[in-house]
Amino acid sequence: MSNRKTAKVLLWIRKRMRQFETVFFMAKAVLSEGNFIYLSSVAVAISCALAVIVLKNFAHNVFLFANYVNQYLKLPYANSIFPIIGILLTVIVIRKFLDGSLEKGSSQILYAVAKKGGILPKKQMYAQIITSSLTVGLGGSAGLESPITITGAAFGSNYAQKYKLSQKDRILLLACGVAAGIGAAFNAPIAGVLFAIEVVLTDVSISAFIPIMISAATGALVSNILLSQDILLSFKDIKPFDYHNIPYYILLGLAAGFVSVYHARNFRRVEHFFNRYNLNSYRRALVGAFLLAVLIFFFPTLFGEGYESIKSLSSAHPEVLLDNTLLEQFKFSEWIVLGFVGLIVFLKSTATGLTLGSGGNGGNFAPSLFVGSYLGFVVAKTMALTGINHHLPIANFTMVGMAGILSGLFHAPLTAIFLIGEITGGYDLMVPLMMVSSISFAVSRKFEKHSMDVKALADKGEVFTGDKDKNVLLSIDFLSHIQTHTKTFQLTDSVEAVIEALQTSSQPVFAVLDDKKKVIGVLDLNHLKTMVFNPYRVKFGSIEEWMQPLEYVVNHDDGMELIMEKFDQSQCPTLIVLKSGKYYGLVDKCALLETYRSTLKGLVIE
């Protein structure tokens, strides 16, 4: 296409967008607030569904092209090269076109809700689509669902900002974008609704369900119309539930819980491996992509999302997974196939960690389904090959295992249950899905208090929980409450200067600093009362005699929970704040509680 034609197309798109904006501004003026939210939920869902279609089609076509190169052009293991290209292109785009940084992972949505009132940067509307399509589309061993949810959330957030909606409506439309993304990606509207409520909002009333359901249904409908069924993850060959298999489902639930813990910890370990070394972004990308390429060379099923291999695994011919591998000649040995699949269960977290740690973009939603399906296959096949039970339905265990790992990793058992129920076309597996998901969740929660995507934020006190009071507390901007322009003293200052400060300042405490601004003591007004009214102590005393040792201190990067705990322990209304070990200012408990009281009125969605 020539530059002139491209310019005409872009001009046409801009005109249509301005027309749509005009229509929606008019709709906002005419419709009631509730009806405009319903209309907005549809608009956000359509935008998100179109993004899903672009991503899924690109990733699927690249996968088909890689298979074509391997099988027909006789270039074996060529799919090991594609991830290197994809990760390098991702890093180049981030460095050259996205200001050198890109927030990854669905935890960014929770951070936006907890700390930024649901505001997401405008670049997240397109940055996730571009970078994840390059990374995952070209074979990076990660998933597209996390970028999809961030994109949907960004659509909802920026739409609300565009039409100047309230913070409550902004967070609601953000959740609508997330629900539409999941609904469109899997043609699973119920799972989309549950994911938005179970993971993103955590504290929602009945009134918020309607726009979220509208968005999820709209996203699924658009995806169902425009996206090929070959691209969607769907399974129809599921056998009815047999209660005699309950002990094996319990075993699968326990295994899923422990594998979830392993996956989360190993992924973080691999991802953080790159942070230990002072490598520039291009060198990091080359090192990580090369290691990933080696893994894919030996285990080609680690290429991309892996949904095609899940379909193969649940079919009657799982041996096709060994095609184009060094073990292809042994693919009709069931024990070799079992060992190959079992090893991949533990390698997927490493592959995903290499993909994201080296600079690629993606998420862990698809890897969780991948690992779960492989684990379910291993459990059922092991029972068959060892002679314990020859009649376990492998396809059923493959599907239920997906729910187990998804529940264990994301601590979202309801989403896991209904997602697998929807993609299998019914609820014949509801009982084993509930059993495996709940057991896996319980085991994972025993060892990992927070889900893998939010653990880093939770450690900093920057995410919402199921506790409404805690949610409001975490939303307080602590840094804005620090009093940095305060009076301080040094040991060389006179007692008269302290008395003068007490008369002219409202500070209840004064920090005593050394030459390097480190706190060596504190002058507390309550303690000084006995000194001030003693003439002898005023005349012959010194600051060193008047000050008390510093027992309780707040760091500027402490979470709100820890800060309030320190206030309770110290029984002091004001505490000293340190930054990098040096005096930074004072914080007042009453000011924080006043902000908490006022925030409680408007923060939580009614």
**Request:** Heavy atoms only: give me the nearest Cys48-Gly152 pair and the separation to one decimal.
**Result:** SG-CA, 3.5 Å

**More than 12 heavy atoms from other groups under 6.0 Å of CE on Met213** = yes

**Asked** Does Gln124 reach the side chain of Pro121, with side-chain heavy atoms less than 4.5 Å apart?
**Response** yes

**Message:** Tell me whether Lys122 contacts the main-chain N or O of Asn158 through its side chain, where contact means a donor paired with an acceptor under 3.5 Å.
**Reply:** no

**Complete:** CG (Leu98) and OG1 (Thr90) are apart, to the nearest 0.5 Å, by 10.0 Å

**Request:** Would you check if the side chain of Lys566 reaches a backbone N or O of Val553 as a donor-acceptor pair within less than 3.5 Å?
**Result:** yes

**Asked** If you look at every heavy atom in Gly353 and Val270, which pair is closest and at what distance?
**Response** C-CG1, 3.6 Å

**Message:** Is it the case that the ring center of Phe410 lies less than 6.0 angstrom away from the ring center of Phe365?
**Reply:** yes

**Prompt:** Would you find a donor on one side and an acceptor on the other, under 3.5 Å apart, between the side chain of Glu198 and the backbone of Leu414?
**Reply:** yes

**Item:** Ionic contact status for Glu594 with Lys589, cut-off 4.0 Å
**Value:** no

**Asked** Who pairs with Val44 by side-chain contact (heavy atoms from CB on, under 4.5 Å), at least two apart in sequence or on another chain?
**Response** Phe155, Tyr159

**Asked** Looking just at side-chain N and O atoms, do Ser407 and Ser440 make a donor-acceptor pair shorter than 3.5 Å?
**Response** no

**Message:** Donor-acceptor pair, distance only, cut-off 3.5 Å: does the side chain of Glu422 make one with the backbone of Ala191?
**Reply:** yes

**Message:** Suppose we screen for side-chain contact (heavy atoms from CB on, under 4.5 Å). Which residues come up paired with Pro147, at least two apart in sequence or across chains?
**Reply:** Gln128, Ser132, Asn361

**Complete:** Of all heavy-atom pairs linking Val136 and Gly143, the shortest is CG2-O, 3.9 Å

**Request:** Decide whether a cation-pi geometry holds between Lys348 and Phe370; the criteria are a distance under 6.0 Å from NZ or CZ to the six-membered ring centre and an angle within 45° of the ring axis.
**Result:** yes

**Prompt:** Side chain of Ser438, backbone of Met435: donor and acceptor closer than 3.5 Å?
**Reply:** yes

**Asked** For residues Gln161 and Ser157, is any side-chain donor paired with an opposing acceptor at under 3.5 Å?
**Response** yes

**Prompt:** Is a side-chain donor or acceptor of His272 paired with a backbone partner of Arg268 at a separation under 3.5 angstrom?
**Reply:** yes

**Asked** Side chain of Asn57, backbone of Ile53: donor and acceptor closer than 3.5 Å?
**Response** yes

**Test item: side-chain donor near acceptor, Thr352 and Asn364, under 3.5 Å** = no

**Item:** Short side-chain to backbone donor-acceptor contact, Ser437 and Met434, under 3.5 Å
**Value:** no

**Request:** Any chance you could lay out the side-chain contact (heavy atoms from CB on, under 4.5 Å) test for Ile423 and Asn187, step after step, and finish with the verdict?
**Result:** CA-CA 7 Å; Ile423 66 177; Asn187 191 23; over 6 Å; no

**Request:** Considering non-hydrogen atoms only, spot the tightest contact between Ile87 and Ala285 and give its length.
**Result:** CG2-CB, 4.0 Å

**Message:** Ignoring hydrogens, what is the shortest heavy-atom contact between Ser358 and Gly288? Give both atom names and the distance.
**Reply:** CB-CA, 3.6 Å

**Asked** Can a donor-acceptor pair be found between the side chains of His481 and Thr595 at a distance below 3.5 Å?
**Response** yes

**Request:** Please confirm whether the backbone N or O of Gly408 pairs with a side-chain atom of Ser444, one donor and one acceptor, at under 3.5 Å?
**Result:** yes

Would you give me the side-chain donor-acceptor pairs under 3.5 Å for residues 571-578, sequence neighbours excluded?
residue: Gln571; atom: NE2; partner: Asp568; partner atom: O; Å: 2.6
residue: Thr574; atom: OG1; partner: Asp588; partner atom: OD1; Å: 3.2

**Message:** Under a 3.5 Å distance rule, please check whether Ser223 uses its side chain to pair with a backbone N or O of Ala184 as donor and acceptor.
**Reply:** yes

